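All ligand and atom numbering here is 1-based and tracks the order in the structure. Scope of the values below: all heavy atoms of this structure, side chains included, with no hydrogens, waters or symmetry mates. Bear in mind the structure is a predicted one, so any value in this text is a computation, not a measurement.
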Amino acid sequence: MSATRGFLGKRRDRDDRLPPGQYDVGGGWPVLTAEATPQIEPEQWSLKVDGLVERPTTWSWDEIRGLPRSTYTGDIHCVTTWTKLDVAFTGVSVDTLLEAAGPLPEAAFVLAHSSTGYTTNLPLADVTGGKAWVVWEFGGKPLDRQHGGPARLLVPHLYFWKSAKWVSRLELMERDQAGFWEQNGYHDRGDPWLEQRYQGD
Ligand SMILES: Nc1nc2c(c(=O)[nH]1)N[C@H]1C(S)=C(S)[C@@H](COP(=O)(O)O)O[C@H]1N2
Ligand SMILES: [Mo]
């Protein structure tokens, strides 16, 4: 019977990792994209950190891949109620990028921009302290184009709409400015454990 207990124990662990109102999507990975999927060659790709920083900085594909790498292993949660457990993304910590750019003391928010025009806003505190990455690998393989390749933002402790695909710019600001979904009724912060799905939640 120990095998059965082990199985149930494992199931319970997984259930504990599901935020309220979420289900385990299993092996699949839905694609959610508001715009047409762009074809971005790595040679054309760049990422800029600017706004309220001491040193506005742009990294090319080769330059960003030369930075110290960091891997996130854990779960991701989409506001449409799927959760994907035990994913692994590799890229660079946003802390590493901000160390280079030097946020000014008045910087308190970030607007993440995709090269497509998609935007999403975050408190600076939600992308610092090892909580956010710019990633280009999923499960050890290059990130698929439909999932934001060559590189996307990853902020896994918030609902996945905060993880801008095809990220091209992190703009540091003093005041919060709503991004694409936030202007369309989604919650400003989007903490899945507090079930902050829509404005007013
Ligand atoms: N540029 C861009 N980034 C985006 C989106 C989008 O439409 N465009 N959708 C967001 C939403 S709502 C979710 S749930 C995730 C989906 O990522 P996936 O398609 O890799 O699952 O990307 C987020 N980042
Ligand atoms: Mo989403």
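The ring of W133 has its center no closer than 6.0 angstrom to the ring center of F89. Ring-centre distance between Y118 and W166: not below the 6.0 Å cut-off.
For the pair K131/V155, no side-chain contact is recorded, criterion being any heavy-atom separation below 4.5 Å from C-beta on.
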Below 3.5 Å only, please: the N or O atoms of ligand 1 paired with protein N or O atoms, distance on each line.
{"unit_1": "ligand 1", "atom_1": "1 (N)", "unit_2": "E35", "atom_2": "OE2", "d": "2.8"}
{"unit_1": "ligand 1", "atom_1": "1 (N)", "unit_2": "S114", "atom_2": "OG", "d": "3.1"}
{"unit_1": "ligand 1", "atom_1": "1 (N)", "unit_2": "K165", "atom_2": "O", "d": "3.2"}
{"unit_1": "ligand 1", "atom_1": "3 (N)", "unit_2": "K165", "atom_2": "N", "d": "2.9"}
{"unit_1": "ligand 1", "atom_1": "7 (O)", "unit_2": "A34", "atom_2": "N", "d": "2.7"}
{"unit_1": "ligand 1", "atom_1": "7 (O)", "unit_2": "E35", "atom_2": "OE1", "d": "3.2"}
{"unit_1": "ligand 1", "atom_1": "8 (N)", "unit_2": "E35", "atom_2": "OE1", "d": "2.9"}
{"unit_1": "ligand 1", "atom_1": "8 (N)", "unit_2": "E35", "atom_2": "OE2", "d": "3.1"}
{"unit_1": "ligand 1", "atom_1": "9 (N)", "unit_2": "L32", "atom_2": "O", "d": "3.2"}
{"unit_1": "ligand 1", "atom_1": "17 (O)", "unit_2": "R152", "atom_2": "NH2", "d": "3.2"}
{"unit_1": "ligand 1", "atom_1": "19 (O)", "unit_2": "L32", "atom_2": "N", "d": "2.9"}
{"unit_1": "ligand 1", "atom_1": "19 (O)", "unit_2": "K165", "atom_2": "NZ", "d": "2.6"}
{"unit_1": "ligand 1", "atom_1": "20 (O)", "unit_2": "H147", "atom_2": "ND1", "d": "2.6"}
{"unit_1": "ligand 1", "atom_1": "20 (O)", "unit_2": "R152", "atom_2": "NH1", "d": "2.8"}
{"unit_1": "ligand 1", "atom_1": "21 (O)", "unit_2": "W29", "atom_2": "NE1", "d": "3.0"}
{"unit_1": "ligand 1", "atom_1": "21 (O)", "unit_2": "P30", "atom_2": "O", "d": "2.7"}
{"unit_1": "ligand 1", "atom_1": "22 (O)", "unit_2": "R152", "atom_2": "NH2", "d": "3.1"}
{"unit_1": "ligand 1", "atom_1": "24 (N)", "unit_2": "S163", "atom_2": "O", "d": "3.0"}

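Note on V135: it does not cluster hydrophobically with L97, by side-chain heavy-atom contacts below 4.5 Å among ILVMFWY residues.
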Candidate pair W29 and F138, rule ring-ring contact (aromatic ring centres under 6.0 Å, His included), full reasoning: CA-CA 11 Å; W29 186 6; F138 175 77; 4.4 Å; yes

Full working for salt bridge (charged side-chain N to carboxylate O under 4.0 Å, His left out) between R17 and D86: CA-CA 10 Å; R17 288 163 59 187; D86 297 316; 2.8 Å; yes

